[in-house]
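Comments concern the structure below.
All values below come from the heavy atoms of this structure, side chains included, with hydrogens, waters and symmetry mates left out. All values reported here derive from a predicted model rather than from experimental measurement.
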Amino acid sequence: MQRISFYKYEMSRNTILGLALAGVWFAGLSLGFVAVRFYGDTLVSCLSQAAAVPVSIAAPLVTLLPLLLSALAVIVFQPGLLYGICFVRAVALAMMLQALAACFNGGVYLAAVFLMFSSLVFSPVLLWYWWRRLTLRMENFVPDTLVCMAMGLVIGLMDYWFISPFLVDVINF
């Protein structure tokens, strides 16, 4: 009997942590979509000008910073920090999606999905990984991290081999 009650406790704890993570994610997405209404003109004009500006050496550092912060939050294991990173990532993702949709008038969301393919497809994998870290803490850390890294590599290769050449063909057409 005690084993059944422990299982119910663990299941309810895991469910609450997962629902809290999903709630933070959807709150961040909602805030990001709403925030573009207030900052949309500036963000859209910056995105429009970005195509004509040469790439900076700081671009890889800026794109890797959220991933490094996420890895730090998982290693140090501060659940509040992990929820905060989840919220910030969701806000940034939604703002970029909505701003890219504003840049393209015709195929609005299709263009945004192709331009942000890696981020969109990797988001469920990252949410799964964060949820596993919240519920299991450091148990199964290495296998889960390897699965997450392998999925990221596969998604990145799909983007490199299929999506990017397609976008180049569309732009050159």
Side-chain angles (χ1 to χ4, degrees), residues 8-47 50 55-103 109 112-159 163:
K8 284 182 181 179
Y9 169 74
E10 283 297 315
M11 190 173 80
S12 65
R13 179 181 168 274
N14 294 346
T15 304
I16 289 170
L17 289 173
L19 287 176
L21 190 67
V24 167
W25 180 259
F26 286 117
L29 286 176
S30 301
L31 181 65
F33 283 127
V34 170
V36 171
R37 295 193 183 269
F38 299 108
Y39 297 107
D41 296 336
T42 306
L43 188 60
V44 169
S45 67
C46 287
L47 284 175
V55 177
S56 170
I57 192 68
L61 296 176
V62 170
T63 52
L64 287 177
L65 185 64
L67 294 174
L68 293 175
L69 287 175
S70 175
L72 179 68
V74 168
I75 290 171
V76 174
F77 191 71
Q78 295 294 325
L81 184 61
L82 193 59
Y83 285 122
I85 289 172
C86 178
F87 182 76
V88 169
R89 179 163 166 50
V91 168
L93 182 68
M95 283 185 73
M96 289 305 294
L97 273 173
Q98 194 68 17
L100 283 172
C103 284
Y109 288 106
V113 165
F114 280 134
L115 287 170
M116 296 193 63
F117 176 79
S118 295
S119 293
L120 290 173
V121 175
F122 191 64
S123 291
V125 175
L126 195 57
L127 283 171
W128 169 81
Y129 182 70
W130 286 340
W131 175 72
R132 294 277 292 186
R133 294 291 53 87
L134 283 172
T135 57
L136 298 177
R137 306 224 180 224
M138 288 303 186
E139 184 181 325
N140 292 335
F141 179 72
V142 173
D144 288 347
T145 303
L146 291 175
V147 166
C148 189
M149 288 172 53
M151 291 299 296
L153 182 66
V154 167
I155 291 167
L157 290 174
M158 284 176 46
D159 194 6
I163 303 299

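The shortest non-hydrogen separation linking Leu29 to Ala94 is O-CB, 3.3 Å. Nearest heavy atoms, Leu134 versus Leu17: O-CD1, 3.5 Å. Closest approach of Ile163 to Phe114, counting heavy atoms only: CG2-O, 3.5 Å. Nearest heavy-atom pair across Leu97 and Phe33 is CB-CE2, 4.4 Å. Scanning all heavy atoms of the two residues, the minimum distance from Asp159 to Ser118 falls at OD2-OG, 2.6 Å. Nearest approach of Trp128 to Asp144, heavy atoms of both residues: CH2-OD1, 3.8 Å.
Atom CZ in Phe122 sits 13.5 Å away from atom CE in Met116 (nearest 0.5 Å). Here the straight-line distance linking atom CG of Leu120 with atom CG of Leu115 works out to 10.0 Å at 0.5 Å rounding. Taken from CD1 in Ile155 to OG in Ser123, the straight-line distance is 9.0 Å, to the nearest 0.5 Å.
Between Arg133 and the choices Trp131, Tyr129, Trp130, the side-chain contact (heavy atoms from CB on, under 4.5 Å) rule is met once, by Tyr129.
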Please test Trp25 against Leu93 for side-chain contact (heavy atoms from CB on, under 4.5 Å), starting from the C-alpha separation and ending with a verdict.
CA-CA 10 Å; Trp25 180 259; Leu93 182 68; 3.9 Å; yes

List the steps and the verdict of side-chain contact (heavy atoms from CB on, under 4.5 Å) for Cys86 and Leu126.
CA-CA 9 Å; Cys86 178; Leu126 195 57; over 6 Å; no

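Residue Met151 places its CE atom among 12 or fewer non-hydrogen atoms of other residues, nucleotides or ligands, all under 6.0 Å distant.
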